[in-house]
There are 2 protein chains.
Amino acid sequence: MSAHSESEPALTMRDVAARLGVSPMTVSRALRGQRGIGEATRQRVLAEVAALGYRPNKRARELRSGGPNELIGLVVTNLANPFYSQLAVGLEQICVGYGARVMLGSTGENPATEREVVADLVDRGVDGLVVAPAGHDHSHLGGERLRDLPVVLAASPPMGIDVDCVLVDDFGGTREAGRRLVARGHRRIGFLGLPPSLWTGSERFRGYAVALEEAGIALDERYVSRHRGDSALAEEAARAMLALPDPPTALLTANNRNTVGALRALRDRAQDQEPVALAGFDDIELADMLHLPLTVVSYDPVELGRAAAKLLFERQASTAPQPPRRVTIATTLVDHPAPR
Amino acid sequence: MSAHSESEPALTMRDVAARLGVSPMTVSRALRGQRGIGEATRQRVLAEVAALGYRPNKRARELRSGGPNELIGLVVTNLANPFYSQLAVGLEQICVGYGARVMLGSTGENPATEREVVADLVDRGVDGLVVAPAGHDHSHLGGERLRDLPVVLAASPPMGIDVDCVLVDDFGGTREAGRRLVARGHRRIGFLGLPPSLWTGSERFRGYAVALEEAGIALDERYVSRHRGDSALAEEAARAMLALPDPPTALLTANNRNTVGALRALRDRAQDQEPVALAGFDDIELADMLHLPLTVVSYDPVELGRAAAKLLFERQASTAPQPPRRVTIATTLVDHPAPR
DNA sequence: ACCTGGTAAGTTATCGGTAACGTACAGGCG
DNA sequence: CGCCTGTACGTTACCGATAACTTACCAGGT
C-alpha cells in the first residue's frame, strides 16, 4: 500500500534482456541506436523498455566507456550575486544542448575552499570546469592537477596557467563611462573602485585613468578610493570624497556595490547643493526608478556563461592541443533618466 | 613539455596497492577508515596515497556500494530569478556540511521539461531532489517514478503526492501588507496578482481578500487584476486601474514583477495628482532609493533553501516512513521611505 | 558445392571500487 | 596441547553497462 516500502530492486539491463530472451548486449545496442541489430528486434526491445519503465544506469555506463560524462562543474564565489547566477544560466543553456548538466560549487571567495571544491568536482568526474577564481594565483587549476580537464576562467584571465577565459570588457567599458562624464563637462571625477590586486579592479581603474588622460586631466589621488568591501564602506568613501574642499562633480563607480554606496551617499543631499553626476559599472535593476539619473556600463552575464560553455565544448571536441583562447564580452553605456 | 599531451593513465587503487605490495582491499579500507587493518599499514598506505596524489574514483565507489552519492538535485524554473538563486545558495550551504554537491536543472516553466530534467537527475544518481515545480500537477514526482527518492517541493505544496515542502507564508504576508494599507486609511485598494492556478497566486489573493474582509471592505472586481506575465503587462493593468472613475488610492502587488510594473505606472504621474500608496510581496533591492515610499513583504529565500536541505537529509537519515512535513518561512513587513 | 562478405546476435573481459567470505596467525584458556 | 576467538589481511565475485571479440546465419558470386 505505502509507496515508501515498495522499493523496487532497481531494474537492470539484464532483467530486460532476460524478459525478452536476448542478451544484455542486444538491449544495450538497441538503446544506443547502434548498428548490428535488426529493426524488428530493436522495436521489441524498445517496447519492453518503455513498458517496464527501465532507465539505464548512467554511472555504470560512464565507468565502462570512460567517455564524457556530460557533466560540467561551475565554481563561483557566491551564487547569490546576480552576475554569477546569470553566468550559471547561460552555462546551463548551452549545456542542455549537449545533454550535459551543471554541478555547482561555491567558494565564498576562499582560495583554499576553491581548491577543495575543484578537486571534489574532478573526483566526481566532470568533463570540464568553469571557474570564477577567488584568488589571483591559478596554478592549482593547471594541467596535471586536473587530469588535463578543460578549464575556462570567468571574469579573470589565467595567471600562471594556459587556459581559456571569458572576460567582460572592463577597461573599455569604464573608459567609455569616463569619457561620457568628461563630455558632460566634468573635470573633477571621483573614482570608487576595487583593490588593484583584482583583475577587474585593475582594468577598470585603467579605463578611468585613460579617460582622464585623454581629456588632459591629471589624476588626483584624493579623488580615488580603491577598497575591497561592501556598499557601506563605499558609501563612507563617497561621503569623505564629497566633503573635500573642492569636491568632485561626478563619481565613477567600478561595480555594483560601489554604485549602491554612492547612491546612498548622494541620497540625502540638500536640494540647494550642486548635483553630482553618477556613472558606474554593472547595470542596476530599476535604475530608471531612482531619485537621480544614472549612467551604467551594461553587459550580459548570460552571454558570458554561454561563451564559457562554448569554449569548453569546442576544446572537448578537438583532441589537438590548441592555444588558449580569450573571449571578451562587449559593454554598452546606458543612460537611465530620473523620474518626472 | 606540453602539459596537454602527458595525459596520465589515471592512477587506480590497484596501482597504489601494487606499489606497496598489498591488496587493493587494504588500500580501500585504509582510505575509508574502516576497521580490519593495522595502524602501521594504514599509515603506510595513506603516505603512499598522498605521495602519488591518488584520488579514488567516486563513481566506481557509488556504483558498487549503492550507498548515498552525496548529490542533491535542484530543479528550478529560472535561476536568473533571485528567489531561486538564493534558494540554491541556502541549499548548497547545508549540502557542503554533509559533503554533498548540488546538481542543477532548469525547466523554463515547462512541465514537460521538468519531467525530463527530474528523470535525468534521478538517472545520474541524486540522493534527493528539491523541486520548485513548474506546473500544478506533481504526480510525476511520486514514489515509484523516482525510485522512492526523497523530494522536497519549494514554494508550492504537493498536489497528488505526499512529500515534504518548504513554503513562504504567502497568505500571512499579503494579509499583513493589506492590513497596513487599511491602517493607513485606504479603502479602495487595487490588487495586481498572479493567476489563481498558481498556489502563490491563490494564497496571496486570499491574504488580500481577508485583509479587506477584516476591514469590512467589499471586494471590487474592478480593482483586481490577476494575470501571468511580465512587468509590462502589470504596468498596463495598473494604468487601467488608475484610470477608473474612482481609482484606488493604494495598490497591493503580489510579486516582484507586479511591483515593478506598478512602480512604472506610478512613475510619471503629475505632481498635483493624488499620491498612490504601494505595497508588494517580495523585497526589492534599493527600495529605499526609489522615487516613492514602498512597503514590502520581505523574507529570506536562503533560509528556504536551508530548510529544504534539512528536510531532505533528515528524511534520508531515517529509514522509517515518516509523514510528510511542511515548513513555512515567516515574512516581515518592511517600510522603505522615499529619499529626501 | 565452396568460398567470401555482411549482418545479427551472443560471450568474455573490463572499468574502479567494495562486500562477503576465506585464510593465516596471534593469543587466551581449560 | 588442543580449541576457540579475534584481528589483519588476501581472494573472489560483483555492481551495471559496454568494447572487443566470436559465433551463427544467410545471400550472392564462381
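In what follows, every chain begins at residue 1, and chains take the letters A, B, ... in the order their sequences are listed. Keep in mind that this is a model prediction, so the values were computed, not measured.
The distance from atom CG of A/L20 to atom C1' of C/dA8 is 16 Å, rounded to the nearest whole Å. Atom CG in A/L11 sits roughly 12 Å away from atom C1' in D/dG16 (whole-Å rounding). Taking atom CG of A/L63 as the reference point, atom C1' of D/dG16 lies 9 Å away to the nearest angstrom. Going from atom CG of A/D123 over to atom P of C/dG16 covers 14 Å, rounded to whole Å. Protein atom CZ of B/R42 is 14 Å distant from nucleotide atom P of D/dT7, rounded to whole Å. Remark: C1' of D/dA17 and CG of A/D15 are 13 Å apart, rounded to the nearest angstrom. D/dG16 atom P lies 12 Å from atom CE of A/M13, rounded to whole Å. Straight-line distance from the CZ atom of A/R61 to the P atom of D/dT18: 5 Å, rounded to whole Å.
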Practice prompt. Could you check A/D15 against A/R19 for salt bridge (charged side-chain N to carboxylate O under 4.0 Å, His left out), going step by step and ending with a plain yes or no?
Written response: CA-CA 6 Å; A/D15 301 331; A/R19 217 173 290 260; over 6 Å; no
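Among the heavy atoms of the strands lying under 4.0 Å from A/R14 is at least one base atom, whether or not backbone atoms are also near. Note on A/T26: only backbone sugar-phosphate atoms sit closer than 4.0 angstrom, heavy atoms only; bases stay farther off. B/G36 comes within 4.0 angstrom of a nucleotide base, judged by non-hydrogen atoms across all strands.
For residues 94-125 of chain A, the set of pairs meeting the ring pair (Phe, Tyr, Trp, His ring centres under 6.0 Å) definition, not counting sequence neighbours, comprises A/Y98-A/F313.
Of the two residues near DNA chain C, A/S23 and B/L31, the one whose nearest nucleotide lies more 5' is A/S23. Mapped onto DNA chain D by nearest heavy atom, A/V27 and B/P24 fall at different nucleotides, with B/P24 at the one closer to the 5' end.
In this model, the phosphate group of D/dA8 is not approached by any side-chain N or O of B/T41 to a distance below 4.0 Å at OP1 or OP2. Considering only side-chain N and O atoms, B/Y54 lies nowhere under 4.0 angstrom from the phosphate OP1 or OP2 of C/dG16.
In this structure, A/R325 places its CZ atom where more than 12 heavy-atom neighbours from other residues, nucleotides or ligands lie under 6.0 Å away. Atom CD of A/E109 has 12 or fewer neighbouring heavy atoms from other residues, nucleotides or ligands inside a 6.0 Å radius.
Not counting sequence neighbours, B/F83 has no partner by the ring pair (Phe, Tyr, Trp, His ring centres under 6.0 Å) test.
Taking the side chain of A/A60 as heavy atoms from C-beta on, and the options D/dG16, C/dT11, C/dG17, the nearest nucleotide is D/dG16.
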Discussion item. Does the protein touch nucleotides 19-26 of chain C at the base, only the backbone, or not at all? Give it as B, S and - per nucleotide, heavy atoms under 4.0 Å.
Written reply: BB------
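Salt bridge annotation for A/D123-B/R59: absent, with no cationic side-chain nitrogen under 4.0 angstrom from a carboxylate oxygen.
Between the side chains of B/Q322 and B/R315, no donor N or O sits under 3.5 Å from an acceptor N or O.
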